[in-house]
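Data block below; observations after.
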There are 2 protein chains.
Amino acid sequence: MERPLDDTPFTFEEPCPIRDVLDRIGDQWSFLVLTGLEGGTMRFSELMRAIGDVSKQMLSRTLRRLEEDGLVSRTVYPEVPPRVEYALTELGRSLLEPLRALIRWADDNHRTIVLSRRRVRDAA
Amino acid sequence: MERPLDDTPFTFEEPCPIRDVLDRIGDQWSFLVLTGLEGGTMRFSELMRAIGDVSKQMLSRTLRRLEEDGLVSRTVYPEVPPRVEYALTELGRSLLEPLRALIRWADDNHRTIVLSRRRVRDAA
DNA sequence: CAGCATCCATTGAGATACTG
DNA sequence: CAGTATCTCAATGGATGCTG
(Lines give C-alpha, C1' and ligand atoms only; values in the text may rest on other atoms or scores of the structure.)
Protein backbone atom coordinates (compact mmCIF):
# COMPACT_ATOMS: atom_id res chain seq x y z
CA MET A 1 0.00 0.00 0.00
CA GLU A 2 1.25 3.40 -0.88
CA ARG A 3 -1.28 5.08 1.36
CA PRO A 4 -2.14 4.80 5.03
CA LEU A 5 -5.57 3.66 6.08
CA ASP A 6 -7.04 7.08 6.52
CA ASP A 7 -7.05 9.55 3.69
CA THR A 8 -4.71 12.08 5.17
CA PRO A 9 -3.44 14.16 2.27
CA PHE A 10 0.17 13.01 2.14
CA THR A 11 2.47 15.40 0.40
CA PHE A 12 5.54 13.14 0.33
CA GLU A 13 6.23 11.45 -2.97
CA GLU A 14 7.03 8.11 -1.41
CA PRO A 15 5.95 7.13 2.08
CA CYS A 16 8.70 4.61 2.74
CA PRO A 17 12.18 4.68 1.16
CA ILE A 18 12.93 1.10 1.99
CA ARG A 19 9.75 -0.27 0.56
CA ASP A 20 10.36 1.76 -2.51
CA VAL A 21 13.84 0.36 -2.99
CA LEU A 22 12.85 -3.18 -2.19
CA ASP A 23 9.98 -2.98 -4.61
CA ARG A 24 12.51 -2.24 -7.27
CA ILE A 25 15.27 -4.72 -6.59
CA GLY A 26 12.75 -7.19 -5.28
CA ASP A 27 11.20 -7.68 -8.67
CA GLN A 28 12.16 -10.66 -10.72
CA TRP A 29 14.92 -9.13 -12.80
CA SER A 30 16.38 -5.86 -11.47
CA PHE A 31 18.74 -7.64 -9.17
CA LEU A 32 20.05 -9.87 -11.93
CA VAL A 33 20.53 -6.94 -14.27
CA LEU A 34 22.40 -4.98 -11.62
CA THR A 35 24.76 -7.83 -10.83
CA GLY A 36 25.02 -8.65 -14.52
CA LEU A 37 26.36 -5.17 -15.14
CA GLU A 38 28.83 -5.48 -12.31
CA GLY A 39 31.61 -6.43 -14.69
CA GLY A 40 31.12 -3.38 -16.89
CA THR A 41 29.23 -2.17 -19.93
CA MET A 42 26.99 -4.62 -21.74
CA ARG A 43 24.75 -4.61 -24.75
CA PHE A 44 21.11 -5.54 -24.65
CA SER A 45 21.59 -8.95 -26.18
CA GLU A 46 24.62 -9.67 -24.02
CA LEU A 47 22.60 -9.02 -20.90
CA MET A 48 19.88 -11.22 -22.25
CA ARG A 49 22.26 -14.11 -22.77
CA ALA A 50 23.97 -13.49 -19.44
CA ILE A 51 20.73 -13.70 -17.51
CA GLY A 52 19.53 -16.56 -19.59
CA ASP A 53 15.84 -16.87 -18.97
CA VAL A 54 14.56 -13.33 -19.28
CA SER A 55 12.35 -12.25 -22.18
CA LYS A 56 13.26 -9.11 -24.10
CA GLN A 57 9.99 -7.72 -22.92
CA MET A 58 10.93 -7.95 -19.28
CA LEU A 59 14.56 -7.04 -19.81
CA SER A 60 13.44 -3.94 -21.62
CA ARG A 61 11.01 -2.90 -18.91
CA THR A 62 13.51 -3.61 -16.16
CA LEU A 63 16.25 -1.60 -17.83
CA ARG A 64 13.91 1.30 -18.40
CA ARG A 65 12.96 1.44 -14.74
CA LEU A 66 16.53 1.15 -13.56
CA GLU A 67 17.40 3.93 -15.95
CA GLU A 68 14.59 6.09 -14.63
CA ASP A 69 15.84 5.58 -11.11
CA GLY A 70 19.31 6.59 -12.18
CA LEU A 71 20.89 3.24 -11.41
CA VAL A 72 21.74 2.33 -14.96
CA SER A 73 22.86 4.44 -17.91
CA ARG A 74 21.86 3.80 -21.50
CA THR A 75 23.94 4.80 -24.47
CA VAL A 76 22.64 4.51 -28.01
CA TYR A 77 25.11 4.38 -30.89
CA PRO A 78 23.43 5.56 -34.07
CA GLU A 79 24.68 2.73 -36.23
CA VAL A 80 23.15 0.09 -38.41
CA PRO A 81 22.42 -2.32 -36.91
CA PRO A 82 21.78 -0.31 -33.74
CA ARG A 83 23.97 -0.78 -30.73
CA VAL A 84 22.85 0.11 -27.23
CA GLU A 85 25.07 -0.21 -24.22
CA TYR A 86 24.08 -0.34 -20.60
CA ALA A 87 26.25 0.35 -17.61
CA LEU A 88 25.90 0.99 -13.90
CA THR A 89 25.91 4.59 -12.79
CA GLU A 90 27.76 5.67 -9.69
CA LEU A 91 24.52 5.25 -7.79
CA GLY A 92 24.00 1.80 -9.23
CA ARG A 93 27.48 0.75 -8.23
CA SER A 94 26.91 2.00 -4.72
CA LEU A 95 23.80 -0.15 -4.42
CA LEU A 96 25.85 -3.18 -5.30
CA GLU A 97 27.66 -2.93 -2.00
CA PRO A 98 24.76 -3.69 0.34
CA LEU A 99 23.44 -6.08 -2.27
CA ARG A 100 26.58 -8.13 -2.06
CA ALA A 101 26.11 -8.50 1.68
CA LEU A 102 22.68 -9.93 0.98
CA ILE A 103 24.00 -12.26 -1.69
CA ARG A 104 26.59 -13.53 0.73
CA TRP A 105 23.95 -14.18 3.35
CA ALA A 106 21.77 -15.97 0.83
CA ASP A 107 24.62 -18.20 -0.25
CA ASP A 108 25.55 -18.99 3.31
CA ASN A 109 22.07 -19.74 4.55
CA HIS A 110 20.08 -20.98 1.63
CA ARG A 111 20.67 -24.60 2.47
CA THR A 112 19.34 -24.07 5.98
CA ILE A 113 16.22 -22.42 4.65
CA VAL A 114 15.53 -25.17 2.15
CA LEU A 115 15.94 -27.78 4.87
CA SER A 116 13.64 -25.86 7.19
CA ARG A 117 11.03 -25.64 4.48
CA ARG A 118 11.26 -29.33 3.82
CA ARG A 119 10.95 -30.16 7.48
CA VAL A 120 7.72 -28.18 7.66
CA ARG A 121 6.37 -29.73 4.49
CA ASP A 122 7.17 -33.21 5.64
CA ALA A 123 5.49 -32.63 8.96
CA ALA A 124 2.32 -31.63 7.17
CA MET B 1 11.60 -18.41 -13.75
CA GLU B 2 12.69 -21.34 -11.72
CA ARG B 3 13.92 -23.29 -14.72
CA PRO B 4 16.41 -22.65 -17.48
CA LEU B 5 15.31 -22.63 -21.07
CA ASP B 6 16.20 -26.19 -21.85
CA ASP B 7 14.65 -29.03 -19.92
CA THR B 8 17.76 -30.36 -18.27
CA PRO B 9 16.56 -32.46 -15.33
CA PHE B 10 17.69 -30.31 -12.44
CA THR B 11 17.99 -32.14 -9.17
CA PHE B 12 18.59 -29.11 -6.98
CA GLU B 13 15.62 -27.89 -5.00
CA GLU B 14 16.24 -24.27 -5.85
CA PRO B 15 18.31 -23.16 -8.80
CA CYS B 16 19.33 -19.78 -7.42
CA PRO B 17 19.75 -19.00 -3.71
CA ILE B 18 19.68 -15.28 -4.18
CA ARG B 19 16.53 -15.23 -6.21
CA ASP B 20 14.95 -17.45 -3.66
CA VAL B 21 15.85 -15.15 -0.80
CA LEU B 22 14.93 -12.00 -2.66
CA ASP B 23 11.60 -13.49 -3.62
CA ARG B 24 10.91 -13.84 0.06
CA ILE B 25 12.05 -10.56 1.51
CA GLY B 26 11.14 -8.81 -1.70
CA ASP B 27 7.46 -9.39 -1.17
CA GLN B 28 5.35 -6.64 0.25
CA TRP B 29 5.51 -7.55 3.93
CA SER B 30 8.30 -9.92 4.94
CA PHE B 31 10.79 -7.14 5.29
CA LEU B 32 8.46 -5.09 7.47
CA VAL B 33 7.74 -8.07 9.68
CA LEU B 34 11.41 -8.90 10.08
CA THR B 35 12.34 -5.39 11.07
CA GLY B 36 9.21 -5.14 13.19
CA LEU B 37 10.44 -8.07 15.23
CA GLU B 38 13.86 -6.55 15.60
CA GLY B 39 12.99 -5.18 19.03
CA GLY B 40 11.89 -8.56 20.38
CA THR B 41 8.85 -10.76 20.72
CA MET B 42 5.53 -9.47 19.48
CA ARG B 43 1.97 -10.67 19.31
CA PHE B 44 -0.02 -10.88 16.13
CA SER B 45 -2.07 -7.79 16.79
CA GLU B 46 0.95 -5.82 17.93
CA LEU B 47 2.71 -6.55 14.68
CA MET B 48 -0.38 -5.55 12.82
CA ARG B 49 -0.52 -2.19 14.54
CA ALA B 50 3.22 -1.71 14.20
CA ILE B 51 3.14 -2.20 10.45
CA GLY B 52 -0.01 -0.22 10.13
CA ASP B 53 -1.43 -0.99 6.75
CA VAL B 54 -1.21 -4.75 6.49
CA SER B 55 -4.33 -6.91 6.47
CA LYS B 56 -4.56 -9.88 8.83
CA GLN B 57 -4.75 -12.03 5.77
CA MET B 58 -1.38 -10.93 4.48
CA LEU B 59 0.25 -10.73 7.87
CA SER B 60 -0.84 -14.28 8.51
CA ARG B 61 0.50 -15.56 5.20
CA THR B 62 3.75 -13.69 5.59
CA LEU B 63 4.36 -14.98 9.10
CA ARG B 64 3.64 -18.52 8.01
CA ARG B 65 6.19 -18.35 5.24
CA LEU B 66 8.81 -16.78 7.44
CA GLU B 67 8.15 -19.51 9.95
CA GLU B 68 8.49 -22.19 7.30
CA ASP B 69 11.81 -20.74 6.27
CA GLY B 70 12.97 -20.79 9.86
CA LEU B 71 13.35 -17.05 10.14
CA VAL B 72 10.58 -16.51 12.66
CA SER B 73 9.39 -18.62 15.56
CA ARG B 74 5.78 -18.90 16.61
CA THR B 75 4.67 -19.68 20.15
CA VAL B 76 1.05 -20.38 20.99
CA TYR B 77 -0.13 -19.95 24.57
CA PRO B 78 -3.21 -22.09 25.19
CA GLU B 79 -5.22 -19.41 26.87
CA VAL B 80 -8.55 -17.74 26.36
CA PRO B 81 -8.43 -15.50 24.49
CA PRO B 82 -5.55 -17.05 22.56
CA ARG B 83 -2.15 -15.45 22.62
CA VAL B 84 0.45 -16.06 19.94
CA GLU B 85 3.89 -14.60 20.05
CA TYR B 86 6.34 -14.20 17.24
CA ALA B 87 10.06 -13.70 17.45
CA LEU B 88 13.09 -13.78 15.22
CA THR B 89 15.09 -16.98 15.24
CA GLU B 90 18.87 -16.92 15.20
CA LEU B 91 18.69 -17.21 11.43
CA GLY B 92 16.21 -14.37 11.22
CA ARG B 93 18.41 -12.15 13.31
CA SER B 94 21.38 -12.92 11.10
CA LEU B 95 19.42 -11.82 8.06
CA LEU B 96 18.80 -8.50 9.69
CA GLU B 97 22.47 -7.61 9.37
CA PRO B 98 22.69 -7.43 5.57
CA LEU B 99 19.18 -6.04 5.55
CA ARG B 100 20.26 -3.10 7.64
CA ALA B 101 22.95 -2.27 5.11
CA LEU B 102 20.25 -2.11 2.48
CA ILE B 103 18.03 0.04 4.65
CA ARG B 104 20.87 2.42 5.18
CA TRP B 105 21.49 2.65 1.47
CA ALA B 106 17.80 3.24 0.81
CA ASP B 107 17.64 6.02 3.36
CA ASP B 108 20.75 7.66 2.02
CA ASN B 109 19.82 7.49 -1.63
CA HIS B 110 16.07 7.54 -1.83
CA ARG B 111 15.93 11.24 -2.43
CA THR B 112 18.30 10.96 -5.35
CA ILE B 113 16.18 8.21 -6.89
CA VAL B 114 12.97 10.15 -6.52
CA LEU B 115 14.56 13.17 -8.13
CA SER B 116 15.92 11.09 -10.98
CA ARG B 117 12.49 9.61 -11.56
CA ARG B 118 10.93 13.03 -11.64
CA ARG B 119 13.51 14.35 -14.05
CA VAL B 120 12.69 11.54 -16.45
CA ARG B 121 8.96 12.05 -16.08
CA ASP B 122 9.24 15.76 -16.63
CA ALA B 123 11.34 15.28 -19.72
CA ALA B 124 8.62 13.07 -21.19
C1' DC C 1 -7.47 -12.68 19.73
C1' DA C 2 -5.71 -15.10 16.01
C1' DG C 3 -6.23 -16.56 11.58
C1' DC C 4 -8.48 -19.23 7.79
C1' DA C 5 -11.82 -19.26 3.60
C1' DT C 6 -13.72 -16.95 -0.02
C1' DC C 7 -14.03 -13.65 -3.53
C1' DC C 8 -12.25 -9.95 -6.27
C1' DA C 9 -8.92 -6.32 -8.20
C1' DT C 10 -4.39 -5.33 -9.58
C1' DT C 11 0.01 -6.41 -11.14
C1' DG C 12 3.78 -9.35 -12.98
C1' DA C 13 5.33 -11.77 -16.49
C1' DG C 14 5.40 -14.80 -20.79
C1' DA C 15 4.47 -15.40 -25.91
C1' DT C 16 4.13 -13.59 -30.08
C1' DA C 17 4.35 -10.47 -33.74
C1' DC C 18 5.74 -6.16 -35.61
C1' DT C 19 9.12 -1.83 -36.37
C1' DG C 20 13.21 1.50 -37.04
C1' DC D 1 19.93 -5.45 -33.11
C1' DA D 2 16.99 -3.42 -30.01
C1' DG D 3 13.23 -2.72 -28.97
C1' DT D 4 7.44 -1.75 -28.75
C1' DA D 5 2.44 -3.44 -28.89
C1' DT D 6 -0.91 -6.57 -27.77
C1' DC D 7 -2.83 -10.41 -25.59
C1' DT D 8 -3.18 -13.66 -22.07
C1' DC D 9 -2.49 -16.12 -17.77
C1' DA D 10 -0.80 -16.64 -13.10
C1' DA D 11 0.46 -14.75 -8.83
C1' DT D 12 -0.10 -11.01 -5.29
C1' DG D 13 -2.58 -8.68 -2.42
C1' DG D 14 -6.93 -6.52 -0.37
C1' DA D 15 -11.77 -6.88 1.84
C1' DT D 16 -14.85 -9.28 4.27
C1' DG D 17 -16.93 -12.76 7.00
C1' DC D 18 -16.58 -16.87 9.86
C1' DT D 19 -14.48 -19.89 13.60
C1' DG D 20 -11.95 -21.93 17.81
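Per chain, numbering begins at 1; letters A, B, ... match sequence-line order. No hydrogens, no waters, no symmetry mates; every other heavy atom, side chains included, goes into these values.
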In this structure, how many angstroms lie between the [atom2] atom of [N] and the [atom1] atom of [X], rounded?
| X | N | atom1 | atom2 | result |
| --- | --- | --- | --- | --- |
| A/E85 | D/dG3 | CD | C1' | 16 Å |
| A/L59 | D/dA2 | CG | P | 10 Å |
| A/Q28 | D/dA10 | CD | P | 16 Å |
| B/D53 | D/dA15 | CG | C1' | 14 Å |
| A/M58 | D/dG3 | CE | P | 15 Å |
| B/R65 | D/dA11 | CZ | C1' | 10 Å |
| A/D27 | D/dT12 | CG | C1' | 14 Å |

Problem - Sequence-distant partners of A/S55, side-chain contact (heavy atoms from CB on, under 4.5 Å), two or more places apart - result: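 side-chain contact (heavy atoms from CB on, under 4.5 Å) list for A/S55, sorted by chain: A/Q57, A/M58.
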
Exercise for the section: With sequence neighbours left out, write down each residue that passes side-chain contact (heavy atoms from CB on, under 4.5 Å) with B/L66, or none if nothing qualifies. Expected result: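 By the side-chain contact (heavy atoms from CB on, under 4.5 Å) rule, B/L66 matches B/S30, B/V33, B/L34, B/T62, B/L71, B/V72.
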
Handout entry: Terminal axis angle for the helix from C/dC1-D/dG20 to C/dG20-D/dC1, five pairs an end, nearest 10 degrees
Key =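 Terminal axis comparison yields 50°.
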
Exercise for the section: Taking A/S116 for its side chain and A/T112 for its backbone only, find out whether a donor-acceptor pair lies under 3.5 Å. Expected result: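 Between the backbone of A/T112 and the side chain of A/S116 there is no qualifying donor-acceptor contact (under 3.5 Å).
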
Problem - Value rounded to 0.5 Å, distance of CZ in B/R100 from CG in B/D107 - result: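 It is 13.5 Å, given to the nearest 0.5 Å.
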
Practice task
First locate atom CG of A/L63, then atom OG of A/S73, and finally report the distance between them rounded to the nearest 0.5 Å.
Solution key: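 Nearest 0.5 Å value for the CG-OG distance: 10.5 Å.
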
Fill in the blank from the handout: Once base and sugar-phosphate atoms are separated, protein heavy atoms under 4.0 Å mark nucleotides 2-8 of chain C, 5' to 3', with B, S and - as SBSBB--

Handout entry: salt bridge (charged side-chain N to carboxylate O under 4.0 Å, His left out) against B/E46, all qualifying residues, sequence neighbours excluded
Key =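 Partners of B/E46 by the salt bridge (charged side-chain N to carboxylate O under 4.0 Å, His left out) criterion come out as none, since no residue qualifies.
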
Handout entry: Reference residue A/E68; test side chain to side chain donor-acceptor pair (under 3.5 Å); the match among B/R121, B/R117, B/R118
Key =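 Going through the options one by one, the only one that passes is B/R121.
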
Exercise for the section: May I ask you to say whether A/D20 pairs ionically with B/R111, meaning some side-chain N is under 4.0 Å from a carboxylate O? Expected result: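 So A/D20 does not pair with B/R111 through a salt bridge.
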
Handout entry: Residue whose closest nucleotide on DNA chain C lies nearer the 5' end, A/P81 versus A/S55
Key =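 Result: A/S55.
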
Practice task
Sequence neighbours left out, what pairs pass side-chain hydrogen bond (donor to acceptor under 3.5 Å, both in side chains) with at least one residue falling in residues 79-95 of chain A?
Solution key: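 Qualifying pairs: A/R74-A/Y86, A/Y77-A/E85, A/E79-A/R83, A/R83-A/E85, A/E90-A/R93, A/S94-B/W105.
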
